[in-house]
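Below: the structure, in structure tokens.
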Amino acid sequence: MVEKELLDLIKEMSGSDTIYNESEGYYTSEGSPSWIAFRRAEQLTDVDNISFLNNLLENSKDRKTRENVYFILGKIGTNTGDRRVADILLKRLEKETNKYSIEEILSRIAEQRNVKDCSPIIKFISDERSSVRHSAIEALRGCKSSKAEEALIEIISESIDEYDLNYANSVLSEIGTNKAIPHLINLLEHPKGSVKCSALWALKELGSTSLLPIFLKALQNRPFDVKGYAMLAINKHGNESAINPVIERIKNMLKRKRTVESDDLLVALEFLIRFKDDYKEISDLFDWIKSKKWVLLFGIEKNWLHTKFKSLN
């Protein structure tokens, strides 16, 4: 894309962002000139434009123009892996003061990989503006370094903000190491169910069978969502010692008709089926489901069982 085309695209990104859908009778952003321009920007791969875009940032006084350039640069970096993009975005963090501009830069950094220096990001993880703080935590996804992990561990060890903890747990699930595991385990005692869930997800991603007792204990937790996340971890790391607790969990789930459809039962069944040939109690469980609990199953669960056991009908 030549420079004039880039300038036109940047202008279009700031254009009308809604259109009226006559057939449906409401306004929508999808299909608007701005929406189309952003979708085009997402596909850009020409690294030869990086220098031009950087110069444009240095000279533009219009905040919206700069934010559009950050978006384009971020997509070029994501699509090509060119490390110059991350370097430019990090330097621009030191120059922007507007909340939305900072968030845009951090959001684009989060999409990059192998960001070398996370120091400019870390200074924003304690920002008093929550949206900036959360964007900074997300931006650490691109920094697979001990410094980034230590900053995230500090958050989950000291923050009392539920959302700070959830964002940090999510990023740790991708860039964390064994060093984070004890701190994540501590969060399983947090009063907020969402924090327990995000901690369990991170432990599932970072942990091993050695954490199975912790996952089984979480399976006994009262909040329904926590049980679901614990079952995901058991499905990934569980062994024969988890068979009876999982059978008990399934029986509890099928005591009565469920009102909320989820994949919790399927995850539990997928775990058990790995051991079905060696444990009679698993065969007995499937017979019990077929003969007494079939009407309580959702359609997707019946289809799964039909596929796995052709004799069910």
Tell me, please, which residues at least two apart from Asn79 pass side-chain hydrogen bond (donor to acceptor under 3.5 Å, both in side chains). none
Across all chains, not counting sequence neighbours, the side-chain hydrogen bond (donor to acceptor under 3.5 Å, both in side chains) partners of Asn178 are none
Residue pairs fulfilling salt bridge (charged side-chain N to carboxylate O under 4.0 Å, His left out) with at least one residue in residues 130-142, sequence neighbours excluded: Arg133-Asp161, Arg133-Asp164, Glu138-Arg141, Arg141-Glu174
With sequence neighbours left out, write down each residue that passes side-chain hydrogen bond (donor to acceptor under 3.5 Å, both in side chains) with Ser194, or none if nothing qualifies. Glu162, Asn166
In chain order, what residues pass the side-chain contact (heavy atoms from CB on, under 4.5 Å) check against Glu58, with sequence neighbours excluded? Asn54, Arg92, Lys95
Residues in ring pair (Phe, Tyr, Trp, His ring centres under 6.0 Å) with His134, at least two apart? Tyr167
Ignoring hydrogens and angles, write down the donor-acceptor pairs under 3.5 Å from the side chains of residues 296-304, residues two or more places apart or on other chains.
residue: Glu301; atom: OE1; partner: Arg258; partner atom: NH2; Å: 2.7
residue: Glu301; atom: OE1; partner: Phe298; partner atom: N; Å: 2.8
residue: Glu301; atom: OE2; partner: Arg258; partner atom: NH1; Å: 2.9
residue: Glu301; atom: OE2; partner: Arg258; partner atom: NH2; Å: 3.4
residue: Asn303; atom: ND2; partner: Gly299; partner atom: O; Å: 3.3

For Lys116, all residues meeting side-chain contact (heavy atoms from CB on, under 4.5 Å), sequence neighbours excluded: Arg83
Apply salt bridge (charged side-chain N to carboxylate O under 4.0 Å, His left out) to Asp87 and list each qualifying residue two or more places apart in sequence or on a separate chain. none
Partners of Arg274 by side-chain hydrogen bond (donor to acceptor under 3.5 Å, both in side chains), sequence neighbours excluded? Asn235
Please table the atom pairs, donor to acceptor, closer than 3.5 Å between any side-chain atom in residues 225-234 and protein atoms at least two apart or in another chain.
residue: Lys227; atom: NZ; partner: Leu219; partner atom: O; Å: 3.1
residue: Lys227; atom: NZ; partner: Asn221; partner atom: O; Å: 2.9

Partners passing ring pair (Phe, Tyr, Trp, His ring centres under 6.0 Å) against Phe271 (at least two apart in sequence or in another chain): Phe275
